[in-house]
Structures are given as C-alpha cells and as structure tokens.
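Every chain is numbered from 1, with letters handed out A, B, ... down the list of sequences. What you see is a predicted model, and the numbers here were worked out from it, not measured in a lab.
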There are 2 protein chains.
Amino acid sequence: MQKQPTIRDVAQAAGVSVAVVSRVLNPGSGPVAALTRSKVSDAMETLGYHPRTAARELKHGPPTTLGLLLADVSNPFFAHLADLVVQEAHSRGIQVLLMTTQEDDRLESERLATLIERRVSGIIATPTGNNLEIWKKLQDLGTGVVFVDRSIPEMPEVDVVSINNVESARSATALMAAHGHRRIAIISGPATSTTGRDRVAGYQEALREAGLAEDRTLIRSAAFRGTSGGDAVTALLNLQDRPTALVVANTAQVTAVLRRLAHAGISIPDELSVVVFEDSPWTELMTPPLTIIRQPIDMLARHSVQLALSNANGTTTGKPTTVRVDAELVERSSVVAPKTA
Amino acid sequence: MQKQPTIRDVAQAAGVSVAVVSRVLNPGSGPVAALTRSKVSDAMETLGYHPRTAARELKHGPPTTLGLLLADVSNPFFAHLADLVVQEAHSRGIQVLLMTTQEDDRLESERLATLIERRVSGIIATPTGNNLEIWKKLQDLGTGVVFVDRSIPEMPEVDVVSINNVESARSATALMAAHGHRRIAIISGPATSTTGRDRVAGYQEALREAGLAEDRTLIRSAAFRGTSGGDAVTALLNLQDRPTALVVANTAQVTAVLRRLAHAGISIPDELSVVVFEDSPWTELMTPPLTIIRQPIDMLARHSVQLALSNANGTTTGKPTTVRVDAELVERSSVVAPKTA
DNA sequence: TTGTAAGCGTTATCAT
DNA sequence: ATGATAACGCTTACAA
C-alpha cells in the first residue's frame with residue numbers, strides 16, 4: 001500500500017514550485033512554459049499523481065457533485081432515470097451521489113443533512129412531501145434543487161421536472177371512454193402525492209368530457225411501497241358493479257396490480273381493459289401486449305441535470321422553472337370495448 | 001443565499017474556541033463540560049451549522065464514501081443491486097457515488113480516475129475486463145476493491161462476490177435434460193466475460209452428465225448491450241435442426257430474446273422450453289410464467305459492501321476472498337417435455 | 001514565466 | 001476542561 005503523492009512531491013520531482021504544478025493542473029489559470037509543462041506532466045505521470053478532490057473543493061473549487069435522492073432504485077422507472085441522470089451528469093464532468101428515501105421522510109431528512117455537509121452543488125429528488133424547512137434551507141444555501149416526477153405544492157419556488165400528469169391520465173381515461181367503457185376505475189398514487197392527485201384530476205376531467213358520472217368507489221389510491229395495489233384490485237373486484245376498465249396510474253404498483261389480477265383469474269382485456277403507467281420492455285411481452293403511458297425519461301433526466309446545475313450557487317433566475325414534458329399513450333392490445341352484459 | 005457558517009462562527013457564538021466545538025462534533029475526541037456542550041449545540045442549532053465534509057476528509061478523516069461502478073442501471077438486475085448496495089452502505093453511514101461504464105473500458109478508466117481523485121475508501125464494480133493496471137493501482141492505494149457479478153481472471157488478488165454461475169447454468173440445463181430435451185441451446189454473455197464463460201461451462205457440464213453431445217452451433221454468446229440477443233435467437237431458429245430448449249443466461253438480453261421469439265411466433269413452451277436468468281416480478285406475469293434462475297441480490301449487496309469496507313485502508317487480510325452465493329432455480333411453466341417430432 | 005505565502009474548514013497536539 | 005496552533009493538499013493573489 002503506497003502513499004499518495006501530493007502536489008508538493010510533483011513540484012519537487014519536476015524541480016518547480018507547487019504554483020506551477022497547480023497551473024498545469026488547471027489550464028488557463030496562469031501561464032506555463034511549454035517545456036516546464038511537459039516536465040511537470042512527466043513528473044505527475046511517473047509519480048502516479050492524482051489531485052485530491054477534497055482539497056480542491058475546500059479551496060472554493062467549483063463543487064462538482066450532485067445528489068440524486070430517489071424513493072428507491074428497484075422501481076424500473078427510477079432506475080432508468082438514475083441511469084440517464086448519471087450519464088448526463090458525467091458528460092458534464094459531474095459526479096452523482098445516489099441516495100434513497102424509501103418514501104420515508106425521516107430517512108429523507110438524514111440524507112439531506114448529509115448532502116448539506118457535502119456541499120453538493122445540486123440535488124435532484126423525488127420528495128416525500130415533508131421536510132419543507134430543510135428544502136428551503138438548501139435553496140438558501142445556494143444548492144440547485146430540482147424536484148423530479150413529483151413536487152410539493154407548498155413549495156412553488158422549487159423547480160420541477162415531470163410529465164404532464166393530468167393530461168396523461170386524461171388521455172388514458174379518454175381512451176377507455178372512447179371504447180365505450182362507462183365504469184372506468186383508476187388506481188393512483190397516494191392522495192398526498194402530486195402525481196396521485198394530478199392523475200386523478202386528469203381522470204376526472206376525462207370522465208367529465210365523456211359525460212360520465214364520477215363514482216368515488218372507482219378511485220383507489222395505493223401507497224407506493226408494499227402491495228397496496230393488489231388490495232386496491234381486490235376491493236375493485238368485490239364491487240357489485242365491477243369496473244370494465246382500469247387505469248393503473250401508480251407505476252410502483254403495476255406488477256402488484258397485474259399479479260393480483262392474474263391471481264383472481266381476470267382476463268385482460270376480455271373482462272377488464274387496462275392501461276398502465278409503465279414503459280418497461282416487458283409490457284410489450286405480456287399476453288396481450290399492454291397499452292401504456294410512456295414517459296420520456298431521457299427528457300426528464302436531461303432537464304433535471306441542467307436545471308440543478310444552473311440553479312447552483314444561487315444563480316436562480318428569479319422565477320422557478322417548471323418543465324412539463326408530454327407522456328405518450330402507446331396503444332397495444334389491452335383495451336377493447338366492454339362486453340355488453 | 002446565505003453564507004455557510006464555519007466552525008469558527010460557532011465557536012464565537014458560543015464563546016469558546018474552535019477546539020471545543022470540534023470536540024462536541026466528534027464525541028470521544030476529548031472532554032467537554034456538559035454546560036459548554038449545550039452552549040455549543042445551541043449555537044450550532046441557531047446558526048444552522050453543518051460541518052463540511054471536504055474539510056474533514058482533508059484532515060485524514062475516515063473516508064466515508066464508496067464508489068459503485070456498474071455497467072448500467074437500466075438493467076433491473078443492476079438496478080436492484082444498486083438499491084441494496086445504497087441501503088447497506090447508508091446503514092453504515094457510508095455514501096455511494098454511482099457511476100456507469102456502459103461496458104466501455106474507455107469510460108471505465110475515466111471513472112476510475114475520478115474515484116482515485118476522490119480517495120473513495122472502496123469500489124464495488126462490474127469490471128469490463130480491461131484496465132488491469134488501474135485496478136492494481138487502486139489496490140496499492142489501499143482502496144477496497146470488490147468485483148461483483150463478474151471478475152477478471154488475470155486479477156485473482158481481487159475479492160469477488162457473485163452467484164455460482166457454473167452451477168446455476170448447470171441446473172437450468174439439467175432441468176431441460178430431465179424433461180427429455182436433447183437439443184438444448186444457450187445464449188450467454190460474451191466469451192470475454194467470466195459470467196459468459198462460467199455459464200457455458202455449467203451448461204456443458206450438464207450436457208456431459210446427461211450424456212448429451214455438445215453442438216457448438218447451439219452455444220451463442222451475445223453482447224450485453226444492444227439487441228445481440230435477438231440475433232442469436234434468429235440464428236438458432238434458422239438452424240435446420242432447431243433446438244427444443246433454450247437457456248437465456250445473459251440477463252441483459254432477456255427481453256431482447258423474448259421479443260424476437262414473440263416476433264417469430266414461437267410459442268413457449270410448446271415449441272421451445274425456456275429458462276431465463278432474470279428474476280424481475282414480470283417473469284411471473286408472462287404467459288406462461290417463466291421458469292427462472294433467481295439471484296440472491298441482497299446477499300451480493302451485503303457481501304460487496306462488507307468486503308469493500310473491510311479491505312479499505314489496505315486492511316487486506318492477505319488472501320483474497322471469493323464469495324459465491326447460490327442462485328435458485330424457480331420452476332414455473334416455461335419448461336415442458338419436447339414434442340416428439 | 002515562476003515562486004512565495006496566505007488561506008479554505010477541520011482535526012489533533014500541546015500547553016495552560 | 002479549554003485554548004492556541006500546526007497541519008491536511010490545493011488554489012491564488014502578489015512578488016520577483
């Protein structure tokens with residue numbers, strides 16, 4: 001186990017001062033003679049020198065790391081988002097500290113404390129909805145905060161990047177209505193989440209447009225974690241006047257819902273038409289291939305990183321930005337006209 | 001945008017010296033009077049003080065971050081691994097820097113350079129197979145290096161955590177043989193990867209045990225990225241003597257394979273029995289439910305973190321550790337006896 | 001063009 | 001029990 005050479009070792013080996021080494025390390029920070037430069041480079045090479053990030057950051061170096069705080073990474077949607085955020089960040093020379101909250105605001109506050117201590121330049125997060133004060137503080141500190149996928153209504157000053165939740169749920173529901181369904185159910189995220197609320201709003205809008213009456217028993221919100229989606233299905237199936245169509249607007253609960261449906265022996269789309277908010281490749285491999293709402297995750301990733309970085313150092317342009325990208329309804333074969341009973 | 005208070009500000013506000021503040025920050029580092037402690041705590045509270053990690057690390061503080069270098073995080077297997085690694089690390093107060101290589105050794109070397117500069121205490125990685133010198137250097141530097149899922153044969157000195165690839169492929173193949181299949185194909189990872197080679201070895205072993213002759217045309221290695229799995233399927237289907245069973249041992253190519261199979265109108269398991277190395281929930285939702293090899297990802301995550309951390313600071317116990325956990329063959333409905341032609 | 005030296009925010013060693 | 005003060009490795013005026 002060898003000891004790490006410092007800038008001083010390099011300077012000595014090259015027969016110059018540390019200032020010169022620093023200059024070749026940071027091109028543009030000052031003049032260096034070509035010959036000197038190569039001598040220094042050689043020294044760095046032979047010594048196997050690597051500048052220490054911690055020291056650089058301490059000396060008000062531009063913070064080069066970004067926090068990515070997600071609910072969890074097992075969820076394919078978040079996994080894909082993480083993948084793209086990392087790629088996008090790397091292409092800008094930024095590193096990503098990955099953290100998860102498990103939808104637990106207690107854990108969230110701990111993670112945020114760590115992020116504060118690290119003085120990350122920005123944070124891209126799916127907030128639990130609490131810890132308002134900490135988020136505020138982060139912004140005051142000049143951290144670029146961006147909420148992705150969801151937001152916190154009480155915090156309109158934070159930038160948000162998400163799909164148009166209202167519109168996507170509306171289009172999914174409208175598709176059902178267009179096929180002649182009159183009893184359309186929705187399983188959404190918890191009512192405390194903006195995605196949950198917005199998607200239900202879109203659903204209601206579609207109902208209104210189709211001249212359909214709203215039935216509260218057909219609106220089920222399921223927690224993101226656990227198997228709440230399955231229970232929602234069971235509840236729906238136990239209704240005396242069962243729905244003929246179902247919009248699964250809670251991405252984290254899609255497999256739980258489908259599993260319960262399969263278990264109950266419900267045949268899709270004969271007994272139940274289905275649209276899910278989930279665009280993993282496997283949705284196309286199902287029998288029948290599922291009609292889905294596809295989220296442009298690459299757009300979400302790109303905008304999140306860009307905003308987080310541009311908001312860093314309090315370079316906030318004043319009014320908060322809200323990026324709302326359109327999701328795409330991909331029609332496959334899980335929606336058909338209801339059986340006339 | 002407020003300025004961040006330093007330890008000096010706290011000291012001043014509390015009317016003590018910085019040394020005292022540092023002591024209350026690091027309990028056990030020295031005596032502090034109870035009254036003093038509370039005064040300091042109050043000052044920290046009202047000022048909203050957070051110690052700066054960069055400064056602490058500079059002052060030979062225990063490195064508290066770990067690098068997780070994966071091929072990509074879109075792959076559900078890696079995503080799940082990342083999720084659990086993060087959880088495990090957090091439970092030990094360690095942070096995780098997430099990076100991806102896209103299976104590109106050029107990118108890998110860049111990421112590794114960054115990790116060296118950050119002086120991370122450990123790295124958990126799915127190596128591309130190259131950059132041998134850098135990996136060696138990392139170890140010399142006292143970084144705890146752990147290869148997960150795959151390994152590099154030329155680097156027996158590095159700890160490895162993976163499933164028993166030989167045995168899992170053997171059991172999957174043996175299942176086919178037990179059902180009476182005689183033409184069993186396998187689509188594995190590239191021959192340059194240890195997982196690819198090991199799984200093929202297990203496949204061959206099972207063939208031998210079943211007294212079946214090996215047919216080279218039934219062994220297809222597909223790259224991890226892209227849609228190479230689909231091409232392998234097509235090649236297999238074009239054989240004049242088609243296989244009646246297929247082991248998909250390349251996790252990253254499972255959906256590509258299934259998609260091509262569906263596209264070709266091959267019915268599972270009637271025309272082709274299938275076992276896949278992939279345990280995402282959706283495999284159970286397919287028609288028919290897929291027989292799979294389930295990897296105990298939680299074990300992989302736990303051991304990886306533990307090893308990476310214990311190997312840090314050159315605390316290497318001498319001989320490298322190899323943790324090989326057993327994968328589980330979960331029989332569902334995608335394997336049946338071959339149709340007697 | 002290059003060198004000197006003063007920080008950056010902590011921790012740790014001595015004194016007091 | 002508390003306080004000065006010297007590092008830690010790097011950047012950056014300011015000199016030379």
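In this entry the distance linking CD of A/Glu57 with P of C/dT10 reads 14 Å, nearest Å. Between the P atom of C/dG9 and the OH atom of B/Tyr49 lies a distance of 10 Å, rounded to the nearest Å. Going from atom NE2 of B/His50 over to atom C1' of C/dT10 covers 16 Å, rounded to whole Å. At whole-Å resolution of the value, NZ in A/Lys59 and P in C/dA6 are 12 Å apart. Rounded to whole Å, atom C1' of C/dC8 lies 15 Å from atom CZ of A/Arg56. Rounded to whole angstrom, the span from the CZ atom of A/Arg118 across to the P atom of C/dG9 amounts to 18 Å. In this entry the distance linking CE of B/Met44 with C1' of C/dT10 reads 14 Å, nearest Å.
Listed by chain and residue number, A/Arg106 satisfy the salt bridge (charged side-chain N to carboxylate O under 4.0 Å, His left out) test with A/Glu110 (two or more places apart in sequence, or in another chain).
Along DNA chain D, the stretch of nucleotides lying under 4.0 Å from any heavy atom of chain B spans, 5' to 3', D/dA1 to D/dG9.
Contact of the A/Asn311 side chain with the A/Val145 side chain is not registered, since no non-hydrogen atoms from C-beta on lie closer than 4.5 Å. The shortest distance between side-chain heavy atoms of A/Val96 and A/Ile124 does not fall below 4.5 Å. Proximity of A/Gln4 to A/His50: side-chain heavy atoms (C-beta onward) are nowhere separated by under 4.5 Å.
Closest-nucleotide positions on DNA chain D for B/Ala55 and A/Val18 were compared, and the one nearer the 5' end corresponds to B/Ala55. Position along DNA chain D of the nearest nucleotide to B/Arg8 versus A/Leu25 favours B/Arg8 as the more 5'-ward residue.
Taking side-chain N and O atoms only, A/Thr36 has no distance below 4.0 Å to OP1 or OP2 of C/dT1. Put simply, A/Arg23 has no side-chain N or O that comes within less than 4.0 Å of OP1 or OP2 on C/dT2. B/Ser22 has a side-chain polar atom (N or O) that falls below the 4.0 Å cut-off from OP1 or OP2 of C/dT11.
Contact annotation for A/Val21: no contact, since no heavy-atom pair falls under 4.0 Å across all strands. Within the 4.0 angstrom heavy-atom criterion, base atoms lie near B/Ala19.
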A correct dot-bracket answer for DNA chain D, with pairs being Watson-Crick or G-U at under 3.5 Å, [ ] for crossing pairs and | for inter-strand pairs, is ||||||||||||||||

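Atom CD of B/Glu133 sits in a crowded spot, with more than 12 heavy atoms from other residues, nucleotides or ligands closer than 6.0 Å. Within a 6.0 Å radius of CD in A/Gln306, other residues, nucleotides and ligands contribute more than 12 heavy atoms.
In this structure, A/Glu88 pairs ionically with A/Arg92, as a charged nitrogen and a carboxylate oxygen lie closer than 4.0 Å. Between B/Glu57 and A/Arg119 there is no salt bridge, since none of the side-chain N atoms of the basic residue sits less than 4.0 Å from a carboxylate O of the acidic one.
For A/Val20, whose side chain is taken as the heavy atoms from C-beta onward, the closest listed nucleotide among C/dA12, C/dG3, C/dT10 is C/dG3.
A side-chain N or O of B/Ser74 and one of A/Asp83 form a donor-acceptor pair less than 3.5 Å apart.
Results of the side chain to side chain donor-acceptor pair (under 3.5 Å) test with B/Thr128 over B/Glu108, B/Gln102, B/Glu103 single out B/Glu108 as the only residue that passes.
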